[in-house]
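Working notes for the structure below.
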Amino acid sequence: MRPVVWRPPRPRRPPTGAGSPALPPLRLLPLDGAGPEHLALDASGNLLTGVADGRILRVDATTGRVEEVARTRGRPLGMHLLPDGRLLVCDAYDGLLRVDPATGTVETVLTAAAGEPLNLCSNVTVTRDGTVFVSDSSRRFPLHHWKGDILEHSGTGRVIRWVPGSAAEVVVDGLQFANGLCLAPDESFLVMAESGAYRLRRLWLTGDRAGATDLFADRLPGFPDNLTTSRDGLVWVALAGPRNALLDSLHRHHPALRRALWALPGALLPDPRRTTHVQGRDAQGRLVHDLRRRAHNYHLATSALEHNGTLYLGSLVEPAIATAPLPSAPGDGPGEPPGVNGVPRGTRSSGGG
């Protein structure tokens, strides 16, 4: 443990006005495994996810029917559906995999970038021309010690660009637990979640700013995890847990305190508070939806996917996928954006991940 002193910024206050509705009660689609960490949608409207024992599952979003389509050797996390029906899957221990749900075939396609192995392959997205972006959360800590990276705050996460057939290159480095990735609908930029810094960063892919990074949203009230983009341009952010005042205080003080905490048995390290919290943000990073509820039956939500007016949530630990109807966005008020790409708030076309 090599802790870095850091002064976390205070959470940004939500915009004034009517406020956001609560996340509606959740309906659960039970699984025969735990931890559907990320969700994707296939051409038939079925949900695809990976669970802790290495299986890739297909779930009927209406009936809840669960079918195993493949089995990996590790821990599948983020995934992206390719045009040919195959999946790119981030395995926390084995790198980037390509999975064929039709045959169950699993092949490893990327294990290193810039001479360093993928230590914690977390999330993946692909442009229309086939360019792959992958997040590697931490060079220092594996998945089962992810709390160590948040506690240390040494910023060893990175985002990798890979064109199949060529060498993978690091395009953004020094990230605080690099996590979810998603593209703008026009693919002009990539949004990247930095879980350990309570923010979303943006990498410009086109135009005069191509290659530059800036802030998309900062001072978030929790730890951003996976990201998805809906068809009408909303970026959905799953906040895996709320900010912890003790953790923020420890970051500001002498590193010895965090070393002492890390020396405790893992079972004694604090877990994120039990909440379920997701946000929808427009193409400028402005808050459109801020949906949360106390986690009576679902917590540590790591993925939010919108489709046909329904939100589907994944979790690092729960044995189910959660669903809820998408509430209308609150009415315009001071500090609130007027809409998303000209679409009045509260109206949504069919969306997908």
Side-chain angles (χ1 to χ4, degrees), residues 10-30 36-39 47 61 64 180 193 195 198 200 217-230 232-245 271-282 285-340 343-353:
R10 291 183 178 181
R12 192 177 299 279
R13 290 185 177 183
T16 57
S20 295
L23 184 66
L26 301 176
R27 179 175 74 94
L28 301 186
L29 302 176
E37 197 267 350
H38 190 55
L39 305 174
L47 297 166
S195 300
Y198 314 125
L200 308 178
D218 67 344
R219 295 168 56 188
L220 299 179
F223 298 91
D225 205 290
N226 289 316
L227 310 175
T228 61
T229 309
S230 71
D232 63 3
L234 274 184
V235 173
W236 282 102
V237 186
L239 295 167
R243 289 175 58 161
N244 182 296
D271 288 320
R273 283 207 323 271
R274 293 181 63 94
T275 61
T276 306
H277 191 180
V278 300
Q279 293 185 338
R281 293 180 173 271
D282 69 11
R286 298 173 300 189
L287 190 63
V288 176
H289 291 283
D290 187 29
L291 308 173
R292 68 183 84 189
R293 65 183 295 110
R294 291 188 177 181
H296 298 295
N297 63 342
Y298 206 80
H299 79 298
L300 229 168
T302 51
S303 183
L305 186 152
E306 176 192 345
H307 180 61
N308 285 345
T310 298
L311 280 176
Y312 297 92
L313 307 181
S315 166
L316 183 65
V317 296
E318 294 283 0
I321 294 169
T323 79
L326 177 62
S328 296
D332 291 340
E336 290 283 341
V340 180
V343 180
R345 294 166 60 189
T347 61
R348 294 284 177 267
S349 61
S350 297

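Numbers here simply count residues along the sequence, with the first being 1.
The shortest distance between side-chain heavy atoms of Leu220 and Arg243 does not fall below 4.5 Å. Taking 4.5 Å as the limit, some side-chain heavy atom of Gln279 sits within range of a side-chain heavy atom of Pro221. The shortest distance between side-chain heavy atoms of Pro11 and Tyr198 does not fall below 4.5 Å. His299 has its side chain within reach of Val317: a pair of non-hydrogen atoms, C-beta onward, lies under 4.5 Å apart. For the pair Leu200 and Leu227, the minimum side-chain heavy-atom distance is below 4.5 Å. Between Leu47 and His307, the closest side-chain pair of non-hydrogen atoms is not below 4.5 Å. Put simply, the side chain of Leu287 does not reach to within 4.5 Å of the side chain of Arg12, judged on heavy atoms. At least one side-chain heavy atom of His289 sits under 4.5 Å from a side-chain heavy atom of Trp236.
Within the 3.5 Å criterion, the main-chain N or O of Glu37 finds a donor-acceptor partner in the side chain of Asn226. Remark: the backbone N or O of Tyr312 is not paired with any side-chain donor or acceptor of Thr323 at under 3.5 angstrom.
Ala324 and Leu26 get closest at one heavy-atom pair: CB-CD2, 3.7 Å. The two residues Ala22 and Pro327 make their nearest non-hydrogen contact at O-CG, 4.1 Å. Heavy atoms only, all atoms of each residue included: Ser195 and Pro224 are closest at OG-O, 2.5 Å. Smallest separation of non-hydrogen atoms from Gly285 and Ala217: O-CB, 4.1 Å. Residue Ala238 comes nearest to Ala301 through the heavy atom pair CB-O, 3.7 Å, listed as atom of the first residue, atom of the second, then distance. Taking every heavy atom of both residues into account, Leu326 and Leu291 meet most closely at CD1-CD1, 4.1 Å.
The CD atom of Glu318 sits 7.5 Å away from the CG atom of Asn297 when rounded to the nearest 0.5 Å. Here CZ of Arg281 is found 11.0 Å from CG of Leu234. Values are rounded to the nearest 0.5 Å. A distance of 10.5 Å separates CG of Leu311 from OG of Ser303, quoted to the nearest 0.5 Å.
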- Task: Carefully, step by step, assess Thr228 and His38 under the rule side-chain contact (heavy atoms from CB on, under 4.5 Å).
- Result: CA-CA 10 Å; Thr228 61; His38 190 55; 4.1 Å; yes
- Item | Arg292 vs Leu239, side-chain contact (heavy atoms from CB on, under 4.5 Å): CA-CA, chis, key distance, verdict | CA-CA 9 Å; Arg292 68 183 84 189; Leu239 295 167; over 6 Å; no
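Evaluated for a side chain to side chain contact (heavy atoms under 4.5 Å, CB included) with Leu313, the options Leu39, Thr276, Leu28 yield exactly one hit, Thr276.
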